[in-house]
Amino acid sequence: MHLVAPSLLAADFRHLDKAISFVNESEADWFHLDVMDGNFVPNISFGQFIIEQVAKDATKYLDVHLMIDEPGRYIESFAKAGAHGITVHAEATNHLHRVVQQIKAAGCKAGVALNPATPVSVLDDIIEDLDLVLIMSVNPGFGGQKFIYRSLAKIRQAYDLITVRNSPAIIEVDGGVGLQNAQKVLEAGARVLVAGSAVFKAEDPAKVVRQLKGISGNPLAMV
Ligand code: DX5
Ligand code: ZN
């Protein structure tokens, strides 16, 4: 079965407690938390402090997506803040292998994210070590952008690499995902759907989560 991870970035931060209870009570599986440093991406969001507050009330897995330069500097502090999984960008460090080991040593699941122009082949020498591959289907930095359709081919490539190499990694897709493309994304091999605006900007967010959970994809990708 696939997982749905609402991105809190699209929530109304004046009422963060409501957004947290909503995810807790919905059929969603994970909280997706977008950390932006204004350097790796042209936007600043939130950091360890907010994640620590979310962790106090969240009853589900905290999936932390670090869009920050040199993430190795902050792995331990995000783990301490309550992250269950930490995903770093391949483009953000010269020492991806070391950072992945750091994430695991901190007791978290390790993910690597790829920007739209970064080929899947950068994962060749690390795929066996990963718990998650995050395919960005928009340029990171902002919610509410349009899904880049080329990402479907990339999801398939990542799926093939994972299969051929017998890696335990699952594929997460992030950016512009919603009811209009979720089935295709799942069919391409994704296991986790991140949805920001599709959920939080909807009239009935719980219904959208339920619908996203109800979509059937590629049975091969869901073992
Ligand atoms: C983009 C973030 C995404 C974003 C998704 O940089 O990584 O997680 O919040 O938002 P939507 O689903 O609105 O594209
Ligand atoms: Zn994200």
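The basis for the numbers below is simple: all heavy atoms, side chains too, and nothing from hydrogens, waters or symmetry mates. Whatever order the structure lists ligands and atoms in, that order sets their numbers, starting from 1.
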Which ligand 1 atoms are under 4.0 Å away from a heavy-atom of [X]?
| X | result |
| --- | --- |
| A195 | 12 (O) |
| M67 | 6 (O), 7 (O) |
| H65 | 7 (O) |
| M36 | 6 (O) |
| H32 | 8 (O) |
| L9 | 9 (O) |
| G175 | 14 (O) |
| P140 | 6 (O) |

Any side-chain heavy-atom pair from [X] and [Y] closer than 4.5 angstrom?
| X | Y | value |
| --- | --- | --- |
| V173 | I171 | yes |
| I75 | V88 | yes |
| V192 | H2 | no |
| M36 | I44 | no |
| V177 | V194 | no |
| R73 | I68 | no |

[X] atom (N/O/S) at minimal separation from the Zn ion (ligand 2):
| X | result |
| --- | --- |
| D174 | OD2 |
| D34 | OD1 |
| H65 | ND1 |

For [atom], state which one of [options] supplies the nearest heavy atom.
| atom | options | value |
| --- | --- | --- |
| atom 9 (O) of ligand 1 | S7, A5, S197, G178 | S7 |
| atom 10 (O) of ligand 1 | G143, A198, G141 | G143 |
| atom 4 (C) of ligand 1 | L8, V199, D34, L193 | D34 |
| atom 14 (O) of ligand 1 | G196, S137, G176 | G176 |

min-distance protein heavy atom vs atom 3 (C) of ligand 1 -> D174 OD1, 2.9 Å
Closest protein heavy atom to atom 1 (C) of ligand 1, given as residue, atom name and distance to 0.1 Å
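Looking only at protein heavy atoms, the one closest to atom 1 (C) of ligand 1 is F142 O, 3.5 Å.
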Next on the checklist: Could you check whether H32 and D34, counting side-chain N and O atoms only, form a donor-acceptor pair closer than 3.5 Å?
Outcome noted: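 Yes, because at least one side-chain N or O of D34 sits under 3.5 Å from a partner of the opposite role on H32.
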- Item | Working for salt bridge (charged side-chain N to carboxylate O under 4.0 Å, His left out), residues K213 and D29 | CA-CA 9 Å; K213 282 293 284 179; D29 302 277; 2.9 Å; yes
Please indicate whether K184 has more than 12 foreign heavy atoms, meaning atoms of other residues, nucleotides or ligands, lying under 6.0 Å from its NZ.
->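 No, NZ of K184 has 12 or fewer neighbouring heavy atoms, counting only those of other groups under 6.0 Å.
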Distance col, row E128:CD vs S167:OG, nearest 0.5 angstrom, shows 6.5 Å
Might you point out which heavy atoms bring A79 and I86 nearest each other, and give the distance in Å?
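Result for this residue pair: N-CD1, 4.0 Å.
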